[in-house]
Amino acid sequence: MITRAAVVPHPPLLVPELVAGAAAETEPVRAATLAAAGKLPGPWVVVAAGSPGPATFAPPLSGTFLGYGVDVPVSLGGDLPPDARLPLPVLITAWLRERCAAEVSRVEIIPPDLPVSDCVSFGRELAAEDAGLLVLGDGSTRHGPRSPGSDDPRSGPFDSSVHALLAAADADGLLDLDLELARELGAQGRAAWQVLAGVPGPWRCSGAEFFAPFGVGYHVAVWERP
């Protein structure tokens, strides 16, 4: 039975070698992410939304961040040669695993547009796992002029709402998130958060934080059984 879950972002900026000129500016989100992931029992089951979902990645498996500018090798476990084609959530999971000295069972990549009902069903399927649940997902990419996309004033209220829902361990509230609004704001974490919301509770949140360096929203939270 899953008794603890951690919500963390998965941007390349978590890896210091990839942001040499901004390592200090990105340290708060990096430290919070490592602290949250480090509280999970092993083995980890990981859920993230992205391409090429649906897909499952399991050890032994190794990769590299060379596609993001620097050859930083990482491994989900085992000693296979690095696969340069691994998706970013798998690379970030491997990077976190190594720093938290954790074991990873598998990484499940789901489509970013997965319907709410399917997210709930998947969460219920995962509920019986004897594992820690790591939920990877970023918020809006449209916070202000430094954002990758154009500024959108709806980003602030949207991520403020997500932060409040995570802090309250409000599964029903997460399931009520506006799918179209999340898509317009570039918040691909929506589907992964709703998988977490589909894991039957009760839950309580032991800590939640929000960051938005470079105009992208990053949520960190830890949910556990009361």
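Just the heavy atoms: all of them, side chains too, but no hydrogens, waters or symmetry mates, feed the values below.
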What heavy-atom pair brings [X] and [Y] nearest, and what distance separates the two atoms?
| X | Y | value |
| --- | --- | --- |
| Val104 | Pro59 | O-CG, 3.2 Å |
| Thr93 | Pro89 | OG1-O, 2.8 Å |
| Ala36 | Ala6 | O-CB, 3.7 Å |
| Ala48 | Ala192 | CA-CB, 4.3 Å |
| Pro112 | Ala191 | O-CB, 3.9 Å |
| Phe158 | Leu181 | CD1-CD2, 3.9 Å |

Look at the side-chain heavy atoms of Ile, Leu, Val, Met, Phe, Trp and Tyr, link any pair under 4.5 Å apart, and say whether [X] and [Y] land in one connected group.
| X | Y | value |
| --- | --- | --- |
| Val107 | Trp95 | yes |
| Val120 | Val47 | no |
| Ile109 | Leu133 | no |
| Leu179 | Val135 | no |
| Leu114 | Leu196 | yes |

**Asked** When you look at Tyr218 and Thr33, which way does the side-chain contact (heavy atoms from CB on, under 4.5 Å) test go after all the steps?
**Response** CA-CA 10 Å; Tyr218 300 128; Thr33 297; over 6 Å; no
If you define the side chain from C-beta out and look only at heavy atoms, does anything of [X] sit under 4.5 Å from [Y]?
| X | Y | value |
| --- | --- | --- |
| Val216 | Phe211 | no |
| Leu96 | Leu34 | yes |
| Tyr68 | Val15 | no |
| Cys119 | Val195 | yes |
| Lys39 | Glu224 | no |
| Leu88 | Pro12 | yes |
| Pro87 | Ser51 | no |
| Ser62 | Asp79 | no |

**Message:** Against the six-membered ring of Trp223, is Arg204 placed for a cation-pi contact (under 6.0 Å from the centre, within 45° of the normal)?
**Reply:**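 No, Arg204 does not sit over the ring of Trp223.
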I need the [X] [atom1] to [Y] [atom2] distance, nearest 0.5 Å.
| X | Y | atom1 | atom2 | answer |
| --- | --- | --- | --- | --- |
| Gln188 | Asp113 | CD | CG | 9.5 Å |
| Thr26 | Phe214 | OG1 | CZ | 6.5 Å |
| Leu177 | Ser161 | CG | OG | 6.0 Å |
| Leu91 | Leu86 | CG | CG | 5.5 Å |
| Trp203 | Ile2 | CH2 | CD1 | 6.5 Å |
| Arg85 | Thr64 | CZ | OG1 | 13.5 Å |

Taking [Y]'s backbone N and O only, do any of them form a donor-acceptor pair with [X]'s side chain (distance below 3.5 Å, no angle check)?
| X | Y | value |
| --- | --- | --- |
| Asp83 | Leu61 | no |
| Arg99 | Ala94 | no |
| Ser155 | Arg142 | yes |
| Arg30 | Ala23 | yes |
| Gln194 | Leu174 | yes |
| Arg124 | Pro200 | no |
| Glu108 | Val45 | no |
| Ser140 | Leu185 | yes |

**Request:** Would you indicate whether Asp130, at its atom CG, is surrounded by more than 12 heavy atoms from other residues, nucleotides or ligands within a distance under 6.0 Å?
**Result:**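 Open.
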**Request:** Would you mind listing every ring-ring contact (aromatic ring centres under 6.0 Å, His included) that reaches into residues 174-201, with sequence neighbours excluded?
**Result:**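 Checked against ring-ring contact (aromatic ring centres under 6.0 Å, His included) - neighbours excluded - the pairs reaching residues 174-201 are Trp193-His219.
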**Prompt:** Hey, are Glu184 and Arg154 close enough for a salt bridge, meaning a charged N less than 4.0 Å from a carboxylate O?
**Reply:**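 Arg154 and Glu184: salt-bridged.
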